[in-house]
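Chain identifiers are assigned alphabetically (A, B, ...) following the order of the sequence lines, protein sequences preceding nucleic acid strands; residue numbering begins at 1 within each chain.
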Protein chains: 2
Amino acid sequence: MPGPIQSLERAAAILRLLAGGERRLGLSDVASSLGLAKGTAHGILRTLQQEGFVEQDPVTGKYQLGAELLRLGNSYLDVHELRARALVWTDDLARSSGEAAYLGVLHQQGVLIVHHVFRPDDSRQVLDVGAMQPLHSTALGKVLAAYDPVAHREAAESEWSALTARTLTDAASFEEELALVRARGWAADLEETWDGVASVAAPVHDRRRMPVGAVGVTGAVERVCDGDGVRAGLVAAVRDCARAVSRDLGAGRF
Amino acid sequence: MPGPIQSLERAAAILRLLAGGERRLGLSDVASSLGLAKGTAHGILRTLQQEGFVEQDPVTGKYQLGAELLRLGNSYLDVHELRARALVWTDDLARSSGEAAYLGVLHQQGVLIVHHVFRPDDSRQVLDVGAMQPLHSTALGKVLAAYDPVAHREAAESEWSALTARTLTDAASFEEELALVRARGWAADLEETWDGVASVAAPVHDRRRMPVGAVGVTGAVERVCDGDGVRAGLVAAVRDCARAVSRDLGAGRF
DNA sequence: GATGAGGGTCGACAATGTCGACCGGGCACG
DNA sequence: CGTGCCCGGTCGACATTGTCGACCCTCATC
């Protein structure tokens, strides 16, 4: 198999670099960060700018991501079949559960949020679509790690940062947790990612019964849990939603 | 000035092609659409796939946009200064007006929606962030065309499709409309884009008083208008919001 | 089992992107 | 006010790199 296209790889690396670094970056920063000659970096940046993937501040000369990426990312959502099928079901899930509903898929070493329905109250909330969540500490991530072998491997290889005091950070207890997830068919995250926040999630399968994503709800631990665990009604609602989306994808009855 | 990087231009063209065509495209479709040899198109697609910008359906072999674009597009929003400043003000605008609020910037030949606050009721709404709107028929577009010379030129060069019976489709009446926009400081779209839908918008300026975007509200024409035009209170709210965002960007008092 | 369409591979060729030295301007500091 | 550094940008030679078109393989169709 012939090699990948060098200039494209470098362009992708530049875009990721710009996406990672919070503030804008100058030409020299970009070139030195990636070990490229300034001329080379400039050529790539100029082309990316021309195509709208990168914008340049006219006064400082620094570069940042461009608007075309937003447009294309939006087009990605339009094409996304899983998301299209899940729209109405997650809407119902948020309504019936009273919590924010999420749909996530595996992407690289994390969960990419492809749909997010706000909690149905009038509070100010920020949209998480396009954001990434860790595999090892969120309910969505655990579901993917439990059912998708690729996700499982990615989770094993990624770093296990302790986001809160309750985050699982050793492989043994995580595997135990995944076994539990597989056994009961849903996953929970009890303040393992954010203090005071809990989430529940269940897997979505396609017509070949392959795991393709996860749906779940996230909310304040006081509302999500009662007594000794996640509210049973919430678990039922999440699993119903996951089943509904799976059926919509053609997975048939369970 | 040296030429742009050919392979990057082609990769961008492929991404745009995939974003445009509704359904997934095969290798041959891509190659023939862009006049490339199959081998060339394959090399680019393989690299794009490896970088996550493109995904391939494992059974049909067809290609579609990849998740990395969504992630990068989201990063674009994070960096976007105008959007960051406008978040709270547009939120207030939606709340006080009771309609959906939008923030748009010029991108290519249209308005790119970079922020969208849902109408504050419990109806089901779809997020328009990342979507494009025409320059010649929407309030946001008219504002940009009226104040930004680049937008004005783009509007003049783009095609004037009649989206509804009330869309302005000739240059003369459009210029007249723009003069009106400049004279009173805000623009309206009365069923010129969608039947039954009206919108109002006002310009946002940066610290050098250059137009950088537009904010506005959109809603059912029955709610937005009264008697012979847009409700005065709505216009005031939109213009207040635009001024607030401009001031936040450092534009100073008016 | 022939046929055709479509995805993917191969190897030669030269077009293409890359490199490093070089420009010019802006800012800070002396 | 001069000087020197830093930074974005340009230039031209070089050979790496991407490109082309023919070819292969699989699968679905007839």
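Checked by atom type and distance alone, the side chain of T40(B) never pairs as donor or acceptor with a backbone atom of L36(B) at under 3.5 Å.
Sorted by first and then second residue, the pairs that involve residues 65-86 of chain B and meet ring pair (Phe, Tyr, Trp, His ring centres under 6.0 Å), not counting sequence neighbours, are Y76(B)-H80(B).
H152(A) and E157(A) share no donor-acceptor pair across their side chains, judged by distance under 3.5 Å alone. For the residue pair Q108(B) and E68(A), a side-chain donor N or O sits within less than 3.5 Å of a side-chain acceptor on the partner.
Within a heavy-atom distance below 4.0 Å of DNA chain C, no residue of residues 26-34 of chain A is found.
Ranking dT10(D), dT18(C), dC19(C) by closeness to the L36(A) side chain, first place goes to dC19(C). Comparing dT19(D), dG8(C), dG20(C) against the side chain of Y63(B) picks out dG8(C) as the nearest. With dG7(C), dG20(C), dG17(C) as the candidates, the nucleotide lying closest to the side chain of K62(B) is dG7(C). Distance from the side chain of H42(B) is smallest for dT9(C) among the nucleotides dT10(D), dT9(C), dG21(D).
The nearest whole Å value for the distance from the CD1 atom in I44(B) to the P atom in dG7(C) is 16 Å. Rounded to an integer number of Å, the gap from L48(A) CG to dG9(D) P is 13 Å. Between the CG atom of L45(B) and the P atom of dG18(D) there is a distance of 15 Å, given to the nearest Å.
For the pair D92(B) and R124(A), the salt-bridge criterion is met [side-chain N within less than 4.0 Å of a carboxylate O]. The existence of a salt bridge linking E81(A) and R24(B) is confirmed by a sub-4.0 Å separation between a basic side-chain nitrogen and an acidic carboxylate oxygen.
Taking only side-chain nitrogens and oxygens, T40(A) never comes nearer than 4.0 Å to OP1 or OP2 of dG17(C). One finds a side-chain N or O of R10(A) lying less than 4.0 angstrom from the OP1 or OP2 phosphate oxygen of dT18(C). Note on R46(B): every side-chain N or O is 4.0 Å or more away from OP1 and OP2 of dG18(D).
Counting heavy atoms from C-beta on, the side chains of Q133(A) and T193(A) never come closer than 4.5 Å.
One P atom belongs to dG11(C), the other to dA15(C), and the distance between them is 22 Å to the nearest Å.
Using a 4.0 Å heavy-atom cutoff across all strands shown, Q56(B) reaches sugar-phosphate atoms only and no base atom.
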Can you tabulate the close N/O pairs, meaning under 3.5 Å, that link protein atoms to atoms of nucleotides 22-30 of chain D?
none

